[in-house]
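Here the structure is laid out as structure tokens; the discussion comes afterwards.
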4 protein chains.
Amino acid sequence: MIILDLNAADERPIYGQIADRVRFAVAGGALRPGEMVPSVRDLSKQLVVNPNTVARAYRDLQAEGLLESVRGMGLQVAEGAVERCREARREMVRQRLRRVIDEARQGRMDPAEIEAIFHEECRRAAAGENGAAGPGRGHV
Amino acid sequence: MIILDLNAADERPIYGQIADRVRFAVAGGALRPGEMVPSVRDLSKQLVVNPNTVARAYRDLQAEGLLESVRGMGLQVAEGAVERCREARREMVRQRLRRVIDEARQGRMDPAEIEAIFHEECRRAAAGENGAAGPGRGHV
Amino acid sequence: MIILDLNAADERPIYGQIADRVRFAVAGGALRPGEMVPSVRDLSKQLVVNPNTVARAYRDLQAEGLLESVRGMGLQVAEGAVERCREARREMVRQRLRRVIDEARQGRMDPAEIEAIFHEECRRAAAGENGAAGPGRGHV
Amino acid sequence: MIILDLNAADERPIYGQIADRVRFAVAGGALRPGEMVPSVRDLSKQLVVNPNTVARAYRDLQAEGLLESVRGMGLQVAEGAVERCREARREMVRQRLRRVIDEARQGRMDPAEIEAIFHEECRRAAAGENGAAGPGRGHV
DNA sequence: GTGGTCTAGACCACG
DNA sequence: GTGGTCTAGACCACC
């Protein structure tokens, strides 16, 4: 069964984080169309969270058409979900990047400085994934 | 007088948006040390926002040491503010970029795709600043 | 053997849909008094449904007096069933129509609009039964 | 302030009934774009229902784009809502009528009988609206 | 004052 | 076993 976890430092609503984990799992191929997601009760135990909170995440995903219910059995990933998740993921990233860029430029920040920071952070992320502590900014 | 505006689509707290606008204005040189910021009442009218909300933004900026009260006159930008704002601006941008990158990678998105989107959006922002409608992504 | 099928899009309980199909089959003459209904196992395979679900539908129909068990043989359609099913069918249709009409009027919908929609849908149904794709509303 | 009420005999989920009341109120003109809906707390008291239940109805309506939040102030009817509600109401009625008609015909019911029942019920509804007890089927 | 999140726990229908 | 509804009540941020 797929393992999901939460990042305690994330201040977004828990149900939103859960939904995003599922979206990313589908986009990344860890959860395939037709596959069942963990039951509300199981996942709520796994995440140490109230079942209602998981149920809300699942409900939102259902409304989005990403999950569909199999009566009496649980919820499964819908057929067209992978493509939609990939697209959603891409647009989410695009929208957030756009907002940062727009605000930085509006604050008269040098475009070259923005790009420099972006590449620094990309390197940091890549390093953090390969070795335990790569170069760049070690802390945080 | 300095002109500030808000983006209604931004879901962050309004007081935070206002404070950020002031920080960016100082970092960008639009507001200089010793200069007075608009009064709470004026700014609240200008932004069509509750005066309490503006007051809270100013309160936060005061606590931060960025604004100082001049008895009977209002609030002015503090002396050392510019450098601190530039630093704050840089770190704010860095932190937000980092978060987007981290979450995208965590969702197993291809790093090259992330960079591609970033550069697309940079070009779009640059185009939007020069001409009214440059190349790139026309809509939005 | 009588062929029944289910509409996956129907959100009513499956056991109720099955029972209704049987009622309508009796009312329409496709199942005659004295005739045996498919066994629980056969029907559950035919419908790709849990046997318990079929069993529950049959149980309800038995309680209603529409089916009677023949020891060791299964269930057969009861003698007086046809008339009762016709009546049940009529009342079921009436009740559902009434509900739609009542709610539409309660929502201040123009009565003429309701009738217009009804007749459109009647024509559509008639067309769909005669030719594969008649006039009216092609899509669904 | 707009008065909403619930029909205790309705077995649909309460939150759905509340949402429908709002939709119909908007479609019927009782609630106009820009107008505020009752606060969650007020409406929950008015309907003798848990605030969470009202909140869920409002949340669904927000997701639908029918309501939009005015921060710190409450929820108001969105601009384009009226047309969308009318359309939604029409399609809801159409879909439900279609289902009844389809199932009745599939059960080999005489089309003329279906129409007869429909018109009977239309007359009944019209009568029930004008006089307290018109002709037709008095009870129920 | 507003909406929103989360928890806890009960109850239900369905399969 | 599954999801879904509803209640009750706490706590939060925002305006």
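Residue numbers begin at 1 in each chain, while the letters A, B, ... track the order of the sequences.
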Mark yes when over 12 heavy atoms from residues, nucleotides or ligands other than C/Gln95 sit less than 6.0 Å from its CD; otherwise mark no. no

Tell me what A/Ser39 touches on the nucleic acid: a base, only sugar-phosphate, or nothing, going by heavy atoms under 4.0 Å. sugar-phosphate

What is the nucleic acid contact for D/Gln62, judged by heavy atoms within less than 4.0 Å: base, sugar-phosphate only, or nothing? sugar-phosphate

Check salt bridge (charged side-chain N to carboxylate O under 4.0 Å, His left out) between C/Glu68 and all other residues, then give those that pass, not counting sequence neighbours. none

Identify, residue by residue, the members of residues 48-57 of chain C with a heavy atom below 4.0 Å from DNA chain E, and return them in order of residue number, or none. C/Asn50, C/Thr53

List in chain and number order the residues that pass side chain to side chain donor-acceptor pair (under 3.5 Å) with [X], two or more places apart in sequence or in another chain; answer none if no residue qualifies.
X       : answer
B/Glu87 : B/Arg90
A/Arg84 : none
A/Arg56 : A/Tyr15

I'd like to check A/Val54 versus A/Val49 (side-chain heavy atoms, cut-off strictly below 4.5 Å). Are they in contact? yes

Paired runs of 3 or more consecutive Watson-Crick or G-U pairs involving DNA chain E, with both pairing distances under 3.5 Å, are E:1-14 with F:1-14

Show me the pairs that pass salt bridge (charged side-chain N to carboxylate O under 4.0 Å, His left out) and involve residues 12-22 of chain A, at least two apart or across chains. A/Asp5-A/Arg21, A/Asp10-A/Arg12, A/Arg12-A/Asp20, A/Arg12-B/Glu103, A/Asp20-A/Arg23

A/Glu83 meets the side-chain contact (heavy atoms from CB on, under 4.5 Å) criterion, sequence neighbours left out, with A/Arg86

D/Val100: which residues meet the side-chain contact (heavy atoms from CB on, under 4.5 Å) condition with it, sequence neighbours left out? C/Val93, C/Arg96, C/Leu97

Using the heavy-atom set of chain A and a strict 4.0 Å cut-off, write down the first and last nucleotide of DNA chain E that makes it in, 5' to 3'. E/dT5 to E/dG15

Measure the spacing between CG of A/Leu66 and CD of A/Glu79 and express it to the nearest 0.5 Å. 11.5 Å

Minimum heavy-atom separation for A/Asn7 and A/Gln17, please, with both atom names. O-OE1, 3.5 Å

If every non-hydrogen atom of A/Ala19 is compared with every non-hydrogen atom of A/Ala57, which pair is closest and at what distance? N-CB, 4.0 Å

Show me the pairs that pass side-chain hydrogen bond (donor to acceptor under 3.5 Å, both in side chains) and involve residues 34-46 of chain A, at least two apart or across chains. none

So which of residues 12-23 of chain A are in contact with DNA chain F, with a heavy-atom cut-off of under 4.0 Å? none

